[in-house]
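Residues take their numbers from the sequence shown, with the count starting at 1. Every heavy atom of this structure was used, including side-chain atoms; hydrogens, water molecules and symmetry mates were not.
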Amino acid sequence: MATPARTQPPWKEPQSSDAAKLKVWNSLTRSKNDFVPIDPEGKLVKWYSCGPTVYDDAHLGHARNYVTIDILRRVLAGYFGYDLRFVQNITDVDDKIILRGRQQHLLAQFKTQNPTITNEVLNATTKAFDAYVNKNLPLLNSPLKPEDFSSESADKYANVITGKSLDGTTPPGDKEAKIKMHLRTASTAVTALLSPSKSTAEDIQAFYTGAEDVLLPYLDSLHGSSIDASDHSIFTKLTQKYEARFTEDMRNLNVLDPDVVTRVTEYGDQIVTFVDKIVENGFAYKTSDGSVYFDIDGFEKIPGNHYARLEPWNRGDKGLLADGEGALSTQKTSEKRGDADFALWKSSKPGEPAWKSPWGPGRPGWHIECSVMASDVLGEQMDIHSGGIDLCFPHHDNELAQSEAHWSSKEGGHQWVNYFLHMGHLSISGSKMSKSLKNFTTIREALTRGDWTARSLRIIFLLGGWHDGIEITDDMRKGGASWESYVTNFFYKVRDLEVHPNISSTGAQDEKVRTAFEQAKEKVHNALADSFDTPTAMRAISGLITDYNSANKAGLSDDVSFDIARWITRIVRTFGLDGSADPYGGDIAWAGIDIPSAAKEFVYAASRERDAVRQHAIAGDLSDSVLESIIAQHKPAQQQDTASSQYAEVLSAFQESLRGLADKKAPAKDYLDLCDALRDTHLWDLGIYLEDRENAPAMVRPVDPELVAARQQKEAIARQKSEAKAKREREEAEKTAKLAEQAKISPKDMFRTEEYSAWDEEGLPTKDKDGADVPKSKGKKLRKEWEKQKKLYEESLKSSVTS
């Protein structure tokens with residue numbers, strides 16, 4: 001749908017006497033605007049970012065949002081030099097949390113009251129299963145016996161199960177995804193109910209795990225309204241657990257902690273005061289049940305006030321409006337002045353937590369929470385508000401309206417936020433991840449399994465535009481891995497110059513490479529100033545490395561190499577690709593390219609000795625005296641600390657093996673084999689690799705995934721060749737053995753089978769099994785086979801006589 005034309009721009013562009021160096025894509029204007037902070041000195045930037053709703057583990061879709069925001073935050077502070085005050089909230093009370101917290105509380109009670117799986121438990125779970133199926137899978141018969149579920153679902157939902165739409169004609173969508181989720185939930189419950197063993201502790205735990213998702217809504221339907229909702233710990237047990245896990249996930253992804261963290265449950269009184277001010281200003285009204293609604297029509301009657309400024313085309317979308325209202329969307333009331341009016345304050349029903357207010361016991365609406373927390377910390381205006389693209393409408397549009405209604409009094413036209421930054425969605429193979437669809441991979445699962453690292457995932461996000469959707473495909477994974485490997489290998493080369501300086505450099509290549517360097521710096525700066533265009537910046541970095549790699553290193557001074565490496569280090573650290581390392585620390589490279597400190601003395605000594613041995617072995621002048629002079633350059637101490645001992649042992653073992661070869665007067669090949677074993681086995685097993693180079697010392701580097709993959713591929717090819725060779729040899733041996741057995745048969749006996757009934761004196765058949773003469777044409781064929789067998793037989797006799 002085309003963006004509707006604006007008759008009066010509601011966004012007032014901040015003014016500055018200096019030309020802005022940075023432009024940002026602003027969701028308020030759907031265009032790039034010069035970035036000018038509110039701060040008169042132009043340094044302080046006030047930023048509020050919508051945080052998580054903590055009732056479950058964060059997934060990779062959340063990682064997309066928070067890691068990308070972290071990248072923008074780092075660039076704004078670390079590259080452009082702004083002082084940030086970054087605030088992020090924790091939503092620890094809303095409809096989903098209330099429901100989930102209450103359900104988990106009731107399930108815990110049920111399990112405590114039923115520590116064994118009795119008939120009473122089975123009956124309750126069967127009822128829960130039937131209620132779940134009846135509500136979520138209406139095509140199935142009701143009541144449905146668990147044992148009939150598999151055949152029934154295979155019949156009634158065949159299209160969905162095979163990846164089609166429910167009607168089998170249109171493409172599958174979210175509806176089909178939800179059906180699949182419900183089918184999985186019901187199937188898991190069936191497995192628990194039909195499990196033959198439910199007696200051991202493991203059985204009981206497995207039962208409750210399988211039945212949990214059908215028991216939760218069932219128990220809540222029975223007892224949810226009867227719990228003591230004044231005990232807020234029923235809900236905060238859940239939120240505190242998942243807030244801690246979210247914080248851990250973010251730190252594992254190298255996301256910076258917020259400067260300020262706010263929690264909804266700590267803002268009850270402030271929210272009441274904030275809402276009361278909106279009512280006082282005439283932009284909200286109370287209903288008889290004790291709820292308070294925002295008056296959209298009343299708000300827009302004031303000149304300068306506009307509703308749904310971010311996504312005006314969605315202001316009538318009933319589905320989005322219902323999602324924003326939560327449980328209230330299912331309540332029908334004639335007291336709402338407009339269908340799109342949204343709740344600022346919700347009256348609490350039985351089983352829901354409540355705070356005191358002038359309108360009666362209640363709880364905050366979802367949208368008002370962020371308005372109050374952001375305003376409390378940052379004041380009546382902020383520079384940046386950020387979040388996922390799905391928050392544009394209604395959440396951020398409602399935030400804008402109610403906040404401006406609060407701060408503008410009755411005059412209207414107050415600008416609460418100058419720049420809205422919205423992060424694009426993440427999808428994997430075309431499927432958007434969603435908690436409600438349970439089709440997500442959690443961050444901790446992805447990191448624990450090794451699917452991603454904090455760096456590799458961040459690189460993927462950097463390679464995509466921050467406000468564009470990203471679909472993770474195999475090609476994108478490969479592209480991210482390739483970029484990381486490219487930079488890592490560059491760092492290996494430059495760091496090696498610290499050990500093996502290029503003392504013979506003529507410097508003839510310096511000017512050419514420095515020109516490419518300056519061009520790359522300009523490209524990166526222009527890209528970042530162009531609304532944080534990290535894909536272009538990433539390409540500029542890899543392009544500079546390409547220019548560097550193509551230069552003649554004999555004509556390049558080390559200073560140029562180090563300058564480039566320090567700059568690339570600064571940029572990748574600014575992007576958050578190197579943990580907490582200081583972008584301006586002055587050192588080179590990122591984590592993972594160095595061997596352990598405890599290894600360096602011994603590994604570098606072994607590498608130098610190995611280089612010398614190889615050189616002399618290839619030249620053919622490796623005498624005993626030369627070998628001793630090589631070994632004498634380094635003698636491991638008799639005692640090492642625990643961390644160093646394994647590396648010292650490798651060096652000592654290498655030296656002893658060299659002397660052993662010298663004692664045996666071994667050929668040069670044996671020395672070269674020993675050098676290969678040091679590289680391919682002894683040091684490899686310690687996570688260190690010696691990369692041999694032509695006319696240069698071996699490069700000492702860690703064993704990284706790229707090396708492991710290359711070795712595995714090489715070993716797989718060698719294994720395939722070996723297996724193919726073994727197969728050929730086996731087939732040849734079988735063929736030889738078969739011929740040997742066949743050669744033992746006398747030609748006079750070879751045709752004496754049931755197929756024939758008469759033979760001549762040579763054993764050739766004359767009549768078939770029915771007594772008919774053998775046709776002449778067949779007789780000729782039999783004669784050829786007979787002569788061939790005769791030759792084999794006679795050769796076999798000769799061989800047996802001579803042996």
Given the rule in the side chain to side chain contact (heavy atoms under 4.5 Å, CB included) test, do Glu311 and Asp397 qualify, once you have shown the distances and angles that lead to the verdict?
CA-CA 8 Å; Glu311 293 185 350; Asp397 268 323; 4.2 Å; yes
Pair Phe283, Phe294 - check side chain to side chain contact (heavy atoms under 4.5 Å, CB included), show working.
CA-CA 6 Å; Phe283 299 126; Phe294 187 80; 4.1 Å; yes
Start with the C-alpha gap between Asp341 and Lys336, add the side-chain angles, then the distance that decides, and say whether salt bridge (charged side-chain N to carboxylate O under 4.0 Å, His left out) holds.
CA-CA 7 Å; Asp341 289 355; Lys336 284 181 64 174; over 6 Å; no
CA sep, side-chain torsions, deciding dist, call: Ile278, Ile368, side chain to side chain contact (heavy atoms under 4.5 Å, CB included)
CA-CA 11 Å; Ile278 299 174; Ile368 200 67; 4.0 Å; yes
Show, in sequence, the C-alpha distance, side-chain angles and deciding distance for Ser375 and Glu380, and conclude whether the side-chain hydrogen bond (donor to acceptor under 3.5 Å, both in side chains) test is met.
CA-CA 6 Å; Ser375 296; Glu380 63 181 272; over 6 Å; no
Stepwise side-chain hydrogen bond (donor to acceptor under 3.5 Å, both in side chains) check, His223 with Gln109:
CA-CA 11 Å; His223 311 294; Gln109 281 187 335; over 6 Å; no
Determine, step by step, whether His367 and His395 satisfy the side-chain hydrogen bond (donor to acceptor under 3.5 Å, both in side chains) criterion, reporting the C-alpha distance in whole Å, the side-chain angles of both residues, the deciding distance to 0.1 Å, and the verdict.
CA-CA 6 Å; His367 316 295; His395 184 52; 3.1 Å; yes
Test log, rule salt bridge (charged side-chain N to carboxylate O under 4.0 Å, His left out), inputs Arg309 and Glu404:
CA-CA 12 Å; Arg309 286 160 53 187; Glu404 292 170 357; 2.7 Å; yes
Could you give me the CA-CA distance, side-chain angles and deciding distance for Trp25 and Phe532, then say whether side chain to side chain contact (heavy atoms under 4.5 Å, CB included) is met?
CA-CA 9 Å; Trp25 176 266; Phe532 314 108; over 6 Å; no
For Lys356 and Asp269, run salt bridge (charged side-chain N to carboxylate O under 4.0 Å, His left out): C-alpha distance rounded to whole Å, both residues' side-chain angles, the deciding distance at 0.1 Å, then the answer.
CA-CA 8 Å; Lys356 294 180 180 178; Asp269 293 341; over 6 Å; no
Trace of the salt bridge (charged side-chain N to carboxylate O under 4.0 Å, His left out) decision for Asp95 with Lys346
CA-CA 11 Å; Asp95 288 350; Lys346 302 178 180 182; 3.4 Å; yes
Stepwise side-chain hydrogen bond (donor to acceptor under 3.5 Å, both in side chains) check, His406 with Gln402:
CA-CA 6 Å; His406 174 276; Gln402 67 201 8; over 6 Å; no
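When atom types are taken as modelled, the side chain of Asp533 and the backbone of Ala527 share no donor-acceptor pair closer than 3.5 angstrom. The closest donor-acceptor contact from the side chain of Asn26 to the backbone of Ser31 lies at 3.5 Å or more, if one exists at all. Judged purely by atom type and a 3.5 angstrom limit, Gln104 has no side-chain atom pairing as donor or acceptor with the backbone of Leu238.
Arg337 forms a cation-pi arrangement with Tyr285, by the criterion of a distance under 6.0 Å to the ring centre and an angle within 45° of the ring axis. A cation-pi geometry, defined here as NZ or CZ lying under 6.0 Å from the six-membered ring centre and within 45° of its normal, does not hold between Arg315 and Tyr307.
Using a cut-off of 4.0 Å between Lys/Arg side-chain N and Asp/Glu carboxylate O, Lys46 and Asp39 are scored as not salt-bridged. Ion pair Asp70/Arg74 flagged as a salt bridge, since at least one NZ, NE, NH1 or NH2 atom sits closer than 4.0 Å to an Asp/Glu carboxylate oxygen. A salt bridge between Asp34 and Lys23 is present, with a side-chain N of the basic residue lying under 4.0 Å from a carboxylate O of the acidic one. Ion pairing between a basic and an acidic side chain is recognised when a charged N comes within 4.0 Å of a carboxylate O; Asp94 and Arg363 show no such pairing. A salt bridge links Glu248 to Arg444: at least one charged side-chain nitrogen sits closer than 4.0 Å to a carboxylate oxygen.
In this structure the side chain of Ile179 reaches within 4.5 angstrom of the side chain of Leu166, judged on heavy atoms. Considering only heavy atoms from C-beta on, Gln381 comes within 4.5 Å of Asn418 through its side chain. Looking at heavy atoms from C-beta onward, Ile389 lies out of side-chain contact with Met423 at the 4.5 angstrom threshold. In this structure the side chain of Glu369 never reaches within 4.5 angstrom of the side chain of Val372, judged on heavy atoms. Annotation: side chain of Leu84 is in contact with side chain of Leu76 (closest heavy-atom distance under 4.5 Å). Proximity of Leu28 to Tyr419: side-chain heavy atoms (C-beta onward) are nowhere separated by under 4.5 Å. At least one side-chain heavy atom of Pro37 sits less than 4.5 Å from a side-chain heavy atom of Asp383.
In this structure, Leu60 and Leu457 approach most closely via the heavy-atom pair CD2-CD2, 4.0 Å. Closest approach of Val214 to Ala128, counting heavy atoms only: O-CB, 3.4 Å. Taking every heavy atom of both residues into account, Thr265 and Asp92 meet most closely at OG1-OD2, 2.5 Å. Annotation for His396 and Cys50: closest pair NE2-SG, 3.2 Å, computed over non-hydrogen atoms. Summarising the geometry of Ala308 relative to Phe393, their closest heavy-atom pair is CB-CE1, 4.0 Å, with the distance given to 0.1 Å.
Note that CH2 of Trp47 and CZ of Arg73 are 8.0 Å apart. Values are rounded to the nearest 0.5 Å. Interatomic distance, CH2 of Trp366 versus NZ of Lys96, reported as 7.5 Å (0.5 Å rounding). Of the inter-residue distances, the one linking Ile71 atom CD1 with Leu528 atom CG reads 11.0 Å to the nearest 0.5 angstrom. Rounding to the nearest 0.5 Å gives a distance of 10.5 Å between CG of Leu310 and CG of Leu391. Between atom CG of residue Leu72 and atom OG of residue Ser49 there is a gap of 9.5 Å, rounded to the nearest 0.5 Å. To the nearest 0.5 Å, atoms OH (Tyr267) and OG (Ser371) are separated by 12.5 Å.
In this structure, a donor-acceptor pair under 3.5 Å is absent between the side chains of Trp345 and Ser291. Looking only at atom types and distance, the side chain of Thr534 has no donor-acceptor partner in the side chain of Trp466 under 3.5 Å away. A donor atom on one side chain and an acceptor atom on the other are not found under 3.5 Å apart for His59 and Thr442. When only modelled atom types and interatomic distance are considered, Asn89 and Thr91 share a side-chain donor-acceptor pair under 3.5 Å. Under 3.5 Å, the side chains of Arg64 and Thr68 contain a donor-acceptor pair of N or O atoms.
Counting non-hydrogen atoms of neighbouring residues, nucleotides and ligands closer than 6.0 angstrom, the NZ atom of Lys301 reaches no more than 12 such neighbours.
Between Phe420 and His422, the ring planes lie parallel to each other; the angle is under 30°, not in the 30° to 60° tilted range. Ring-plane geometry between Tyr79 and His525 is classed as tilted, the angle between the planes lying from 30 to 60 degrees on a 0 to 90 degree scale.
Evaluated for a side-chain contact (heavy atoms from CB on, under 4.5 Å) with Val264, the options Thr239, Thr53, Ile97, Val93 yield exactly one hit, Val93.
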